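Down below is the structure, laid out as structure tokens.
Start at 1 with the first residue, then count along the sequence. Each ligand, and each atom within it, is numbered from 1 in the order the structure gives. Basis for what follows: all heavy atoms, side chains included, without hydrogens, waters or symmetry-related copies. Treat the numbers as computed from the prediction; the structure is a model and nothing was measured.
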Amino acid sequence: MPLVPPYIASLQPYQAGRSIEEVKRTYGLTKVIKLASNENPLGASPLAIEAMRRAMDRLNIYPTGGLKLRERLAEQFELKPENVIAGSGSEGIMSNIIRTFLCDEDEVLTTESAFIGFQVLAKGRGVAYRTVPYRGWAYDLPALAAGITERTKIIYLANPNNPTGTIFTRAEFDAFYQHVPERVLIILDEAYCEYAKDNPRYPDSMHYRYDNVITLRTFSKAYGLAGARIGYGFAHEDLIANLLKVKLPFEPGAMAEAAGIGALQDKEFLHRTLEANARGLRTIFQGLRALGVQVIPSDANFVMTVWESESEARRVTEELLGEGVIVRPLGAFGIPNAVRISTGTEPENLEFLDAMEKVMSPAKV
Ligand SMILES: *Cc1c(COP(=O)(O)O)cnc(C)c1O
């Protein structure tokens, strides 16, 4: 169709994981658990829900573009509101970064099989999209540094990374940063930072600010607000000022902003989430190892498993569905022989391991 640019025509629409309802219907099951989208198994932050209820009374009023949340974030992280942006999820902000900074001739550089949300946004802009392979399922930062060209404009790094769950350290980032010219913008996506922050190897990027780095965070994961669409970013005020020119003036919505403000105060929910996740990671990781599954150590709220072949990964995914467990095959990310499993509640994690044991049993091979 001549109306559609070739770089749009060649995209695949985002394929959400399968829903619990759909799997129940297809397989005739009454109970299905979903460990596929890195959602918070404990629900949403109660303080966020309360704040949203209160915000509902003022839905006739246009929102302020996230100003109040930006002020709260600035307070909490000891910055100025001018260094903070709020948006419709961190992907909403990512989309604004792409519109604000990328020109037609620019290149984007990241790892192979990067977070699919970023892949879709960057490829949808029609610029050159270049990648370097993983090394041991982690970012190969020296190779990325060597891959910078005079046309590189944006480098995307997720720490912890989705879908591998791996992290890079501050020393690794600093060594990499020395090779990055000032004209290159680094997107540091920290969607899972809350889960990683107790690992002493995980850098707290709030303690070092660079003028060409924008840090993105979200309420979707650790605060359980994936459905509300609220995320935020920190950067040099010039970067933020230009993003604010491009952002939709009334993004984020009033309910989403209220959710973020409420969540920020919900230390109790965050604490419960992190405890449950740490336990879940241990349960799933050790359980999978015991079953002989190749599983990558993770600092996020999911683990990646690696299989002999694409068909084996597909078989495992399908048979788990038959057992009432939805997991995420990673073909769309670009790792067709891998499957990602999000942590659930402890009973869900144990049910998943039971199902996996059945799927792995020699009788079925
Ligand atoms: C889940 C996730 C996000 C969150 O996106 P939102 O738009 O804030 O929901 C961002 N980056 C990565 C790597 C993710 O996995």
Identify all side-chain donor-acceptor contacts of residues 253-264 below 3.5 Å with residues at least two apart in sequence or on another chain.
| residue | atom | partner | partner atom | Å |
| --- | --- | --- | --- | --- |
| E257 | OE2 | K68 | N | 3.1 |
| E257 | OE2 | L69 | N | 3.0 |

When the ring planes of Y232 and F234 are compared, do they come out parallel, tilted or perpendicular, using 30° and 60° as the limits? perpendicular

Just to verify, which of I341, V339, I335 counts as forming a side chain to side chain contact (heavy atoms under 4.5 Å, CB included) with M304? I335

What are the distances between nitrogen or oxygen atoms of ligand 1 and protein nitrogen or oxygen atoms, counting only those under 3.5 Å?
| residue | atom | partner | partner atom | Å |
| --- | --- | --- | --- | --- |
| ligand 1 | 5 (O) | S90 | OG | 3.2 |
| ligand 1 | 7 (O) | S90 | N | 3.2 |
| ligand 1 | 7 (O) | E91 | N | 3.0 |
| ligand 1 | 7 (O) | R229 | NH2 | 2.6 |
| ligand 1 | 8 (O) | S90 | N | 2.6 |
| ligand 1 | 8 (O) | S90 | OG | 2.8 |
| ligand 1 | 8 (O) | T218 | OG1 | 2.6 |
| ligand 1 | 8 (O) | S220 | OG | 3.4 |
| ligand 1 | 9 (O) | S220 | OG | 2.6 |
| ligand 1 | 9 (O) | R229 | NH1 | 2.8 |
| ligand 1 | 9 (O) | R229 | NH2 | 3.3 |
| ligand 1 | 11 (N) | D189 | OD1 | 3.3 |
| ligand 1 | 11 (N) | D189 | OD2 | 2.7 |
| ligand 1 | 15 (O) | N162 | ND2 | 2.7 |
| ligand 1 | 15 (O) | Y192 | OH | 2.6 |
| ligand 1 | 15 (O) | K221 | NZ | 3.4 |

Salt bridge (charged side-chain N to carboxylate O under 4.0 Å, His left out), that's the test. Do K34 and E39 meet it? Break it down for me. CA-CA 9 Å; K34 185 178 171 211; E39 292 150 341; 3.3 Å; yes

With respect to V184, which candidate in T152, D106, I154 satisfies the side chain to side chain contact (heavy atoms under 4.5 Å, CB included) definition? T152

Could you check whether the rings of Y134 and Y139 sit parallel, tilted or perpendicular, using 30° and 60° as the cut-offs? perpendicular

